[in-house]
*Asks:* 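Sharing a structure, written as C-alpha cells. Questions coming.
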Number of protein chains: 2
Amino acid sequence: MDAFAAIADPLRRELLTRLADGPARVVDLAAEHPVSRPAISRHLKVLTEAGLVEADDLGRERHYRLRPAALHDVRTFLASLDRRPLIAESALDALETEVRRTSRERRRTTQTAPQEEIA
Amino acid sequence: MDAFAAIADPLRRELLTRLADGPARVVDLAAEHPVSRPAISRHLKVLTEAGLVEADDLGRERHYRLRPAALHDVRTFLASLDRRPLIAESALDALETEVRRTSRERRRTTQTAPQEEIA
DNA sequence: AAAAAAGGTAACTCAACGGTTACCAATGGG
DNA sequence: CCCATTGGTAACCGTTGAGTTACCTTTTTT
C-alpha cells in the first residue's frame, strides 16, 4: 500500500499525528484509540510498508516512530497540481473568442481549453 | 468521500493531474485512460463530492475543472506532521538518560518519549 | 425528424479493507 | 521458575470500492 492509500484512513492519520509527538509503543497507541490492539498492529504494518513509520525493537517492546520523508510523493503530487497555466486566464479567454470567430465551421473535437490551438 | 480517500486512487490522481492543465470533458478524460466512461464518470462524481473538481454545463457537454482549494485539509495534515519536537533530540536523549538513572525503580507506564517527564 | 454524441445511473460481480476473537512466541519481573 | 506483558498473525465476517454492461435523457447535427 502506498503513502496515498495509507493516509486515506482516518485512524492511520491519527496514529501518524500521534507519532509526530514522539515514538510510542503499540499498547500505548492502542490505548489512545477505540479499536483493538490487533487492528492497531495491522495499521502499523500498513504504515511500515508505506515507509511512513519505522520500528525499534527494545526487548519485548516495539517503539514506532515517524518517517516523514515517505510523504515525499504526496507532497510532489500536491505541488504538481499547483502549477498555474503558463498563459494568464484572461489572455486565453480572448484567444478562445478569436479562434471561435475565425473557425466557426470546424467541429469541436478534442478538448475545451485552447492550449492545443496555441501549440 | 473526503479528499484523502479521493486522492488515494491512482486513476483519480491522474484525472486531477490532467485537470491541472486545464478543464476537460468526460469523453476526453475517458479517452486518455484505460477504463470505461462510466467508471470515469463515477470517479468524477467522487472528486466532485470531495470538492476537488467542479463542473460547468455547456449544452450537452460537461466541462470539469480543478478546485485546488479542496486540498487544504491534506496540506494542513502534512504540515502538522512536520512540526519538530520543541526540544532538540540530543537534549531529550541526555534527559532520558538522567531520568533512567535517578528513577530506576519506577515502572515504565505510559509512553516512551520523555515529554511527559518534562511537563 | 432521425441519428449521433455526451454523460449520468442502475445492477451486478469481485477484490480489498477494516474490525473482531483466538492463538502464538518472546521477553521481563516477582 | 512462573506468569504477566507485549505484540504479531490467522481466520472469519461485513462493508465498501472499482470495474463492467445495459439503459436512459438531453442536446446537437444532418
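So that the names make sense, note that chain A is the first sequence line, chain B the second, and so on, each numbered from 1.
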*Asks:* Rounded to the Å, how far apart are F4(A) CZ and dG17(D) C1'?
*Replies:*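 Result: 19 Å.
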
*Asks:* Under 4.0 Å from OP1 or OP2 of dG7(C): is there any side-chain N or O of S41(B) that close?
*Replies:*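 Result: no.
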
*Asks:* Is there a ring-ring contact (aromatic ring centres under 6.0 Å, His included) between F4(B) and F4(A) once you walk through the steps?
*Replies:* CA-CA 8 Å; F4(B) 290 95; F4(A) 290 95; over 10 Å; no

*Asks:* Rounded to whole angstroms, how far apart are CG on D57(A) and P on dA25(C)?
*Replies:*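 It is 18 Å, rounded to the nearest whole Å.
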
*Asks:* Can you tell which of dA18(D), dC23(D), dT20(C) lies closest to the side chain of R12(B)?
*Replies:*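 Selected nucleotide: dA18(D).
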
*Asks:* Starting at CD of E49(B) and ending at C1' of dA18(D), how long is that distance when rounded to a whole Å?
*Replies:*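 Spelled out: CD on E49(B) to C1' on dA18(D) is 15 Å.
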
*Asks:* Let's test your reading of the model: under 3.5 Å, does the base of dG7(C) pair with the side chain of R25(B) as donor and acceptor?
*Replies:*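 For R25(B), whose side chain was compared with the base of dG7(C), there is no donor-acceptor pair (under 3.5 Å).
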
*Asks:* On the nucleotide dC17(C), are OP1 or OP2 found under 4.0 Å from the side-chain N or O atoms that H43(A) carries?
*Replies:*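 For H43(A), the contact criterion (side-chain N or O under 4.0 Å from OP1 or OP2 of dC17(C)) is not met.
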
*Asks:* Does the side chain of L52(B) reach to within under 4.5 Å of the side chain of L66(B), using non-hydrogen atoms?
*Replies:*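 No, their side chains stay 4.5 Å or more apart.
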
*Asks:* Report yes if the side chains of L19(B) and L81(A) come closer than 4.5 Å at any heavy-atom pair, otherwise no.
*Replies:*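 No, too far: nothing below the 4.5 Å cut-off.
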
*Asks:* Closest-nucleotide mapping onto DNA chain D: is V46(B) or L44(A) further toward the 5' terminus? I mean the 5' end.
*Replies:*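 Closest to the 5' end, via its nearest nucleotide, is L44(A).
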
*Asks:* Heavy atoms from C-beta onward define the side chain here; which of dT21(C), dA18(D), dT6(D) lies closest to that of E61(A)?
*Replies:*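 Ranking dT21(C), dA18(D), dT6(D) by closest atom to the E61(A) side chain puts dT6(D) first.
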
*Asks:* For H33(B) and dT20(D), what is the distance between atoms NE2 and C1' respectively, to the nearest whole Å?
*Replies:*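 In whole Å, dT20(D) C1' and H33(B) NE2 are 18 Å from each other.
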
*Asks:* The side chain of R60(A) lies closest to which of these nucleotides: dC23(C), dT5(D), dA5(C)?
*Replies:*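 Closest nucleotide to the R60(A) side chain: dT5(D).
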
*Asks:* Looking at dG7(C), does its base get a donor-acceptor pair with the side chain of R62(B) below 3.5 Å?
*Replies:*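 Looking at the base of dG7(C), it does not pair with any donor or acceptor on the side chain of R62(B) (distance under 3.5 Å).
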
*Asks:* Is there a donor in the side chain of R25(A) and an acceptor in the side chain of H63(A), or the other way round, less than 3.5 Å apart?
*Replies:*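 No - no donor-acceptor pair under 3.5 Å links their side chains.
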
*Asks:* Strictly below 4.0 Å: does K45(B) bring a side-chain N or O up to OP1 or OP2 of dG7(C)?
*Replies:*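 Answer no for this pair, as no side-chain N or O of K45(B) is under 4.0 Å from OP1 or OP2.
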
*Asks:* I want to check one thing: is the phosphate of dT6(D), taken as OP1 and OP2, less than 4.0 Å away from some side-chain N or O of Y64(A)?
*Replies:*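 No, Y64(A) has no side-chain N/O under 4.0 Å of OP1/OP2 on dT6(D).
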
*Asks:* To the nearest Å, how far apart are H63(A) NE2 and dT5(D) C1'?
*Replies:*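 So the two atoms are 13 Å apart, to the nearest Å.
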
*Asks:* Expressed as a whole number of angstroms, how long is the span from L58(A):CG to dG29(C):C1'?
*Replies:*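 So the two atoms are 17 Å apart, to the nearest Å.
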
*Asks:* Return whichever of G59(A) or R37(A) has its heavy-atom-nearest nucleotide of DNA chain C closer to the 5' end.
*Replies:*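 First, find each residue's nearest nucleotide; the 5'-ward one identifies R37(A).
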
*Asks:* Is there a donor and acceptor pair closer than 3.5 Å between the side chain of R42(B) and the base of dG19(D)?
*Replies:*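 Pair found.
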
*Asks:* Want to settle it: does D9(A) or A55(B) sit nearer the 5' end of DNA chain C, counting the closest nucleotide to each?
*Replies:*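 Taking each residue's closest nucleotide, the earlier one in sequence belongs to A55(B).
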
*Asks:* Charged N to carboxylate O under 4.0 angstrom, R13(B) versus D73(A)?
*Replies:*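 Judged by the 4.0 Å cut-off on N to carboxylate O distance, R13(B) and D73(A) do not form a salt bridge.
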
